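No hydrogens, no waters, no symmetry mates; every other heavy atom, side chains included, goes into these values. All values reported here derive from a predicted model rather than from experimental measurement.
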Amino acid sequence: VEVLLISIDADNNCSLENKTIECGGVAAAIRAQYPTSKPRVDICLDRQSRYEAAAEVIKSVSDAGFAVGNFHCGTPPTTR
């Protein structure tokens, strides 16, 4: 897997591949699903989401050594 998309909705809920996850546990969820991958993590923010949810995701991703990618809400990237 090269790129994953984390979505944060207006209620500050995070999801990975349409599965709800803890915003602060993004890295753990990625490691559980893709234990040998070091993907770039793109983040889709709803306009009503709060800064704190995005900060939790960024911290989790950065602390795990994953790259934080784009902040966009286009078509989800394909996983490889």
**Q** Please check: side-chain N/O of D46 versus main-chain N/O of Q48, any donor-acceptor pairing under 3.5 Å?
**A**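 At least one qualifying donor-acceptor pair exists.
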**Q** Step by step, would you call D9 with S15 a side chain to side chain contact (heavy atoms under 4.5 Å, CB included)?
**A** CA-CA 8 Å; D9 68 18; S15 63; over 6 Å; no
**Q** Closer than 3.5 angstrom, by distance alone: can the side chain of N12 be matched with the main-chain N or O of R50 as a donor-acceptor pair?
**A** yes
**Q** Find the distance between CD1 (I30) and OG (S60) and round it off to the nearest 0.5 Å.
**A**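 So the gap between those two atoms works out to 7.0 Å.
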**Q** To the nearest 0.5 Å, what is the distance between CD on E17 and OG on S7?
**A**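 That separation rounds to 10.5 Å.
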**Q** Would you indicate whether N18, at its atom CG, is surrounded by more than 12 heavy atoms from other residues, nucleotides or ligands within a distance under 6.0 Å?
**A** no
**Q** Check the pair R40, N70 against side chain to side chain contact (heavy atoms under 4.5 Å, CB included), reporting the backbone distance first and the verdict last.
**A** CA-CA 9 Å; R40 182 186 82 214; N70 301 315; 3.8 Å; yes
**Q** Do V68 and I43 touch side chain to side chain, with heavy atoms closer than 4.5 Å?
**A**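 V68 reaches I43 side chain to side chain.
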**Q** Between CD1 of I8 and CZ of F71, what distance do you get to the nearest 0.5 Å?
**A** 8.0 Å
**Q** Please find the pair of heavy atoms, one from L5 and one from H72, that lie closest to each other, and give the distance.
**A**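 Nearest heavy atoms, L5 then H72: CD1-O, 4.1 Å.
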**Q** Taking atom CD of E22 as the centre, does the number of heavy atoms from other residues, nucleotides or ligands within less than 6.0 Å exceed 12?
**A** no
**Q** Just so I know, are the side chains of L4 and F66 near enough to count as touching, which here means a heavy-atom distance under 4.5 Å?
**A** no
**Q** Can you spot which of I6, N13, V57 makes a side-chain contact (heavy atoms from CB on, under 4.5 Å) with C23?
**A**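 For C23, the side-chain contact (heavy atoms from CB on, under 4.5 Å) check succeeds only for V57.
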**Q** Determine, stepwise, if the pair Q33 / L16 fulfils side chain to side chain contact (heavy atoms under 4.5 Å, CB included).
**A** CA-CA 10 Å; Q33 290 182 6; L16 169 65; 3.7 Å; yes
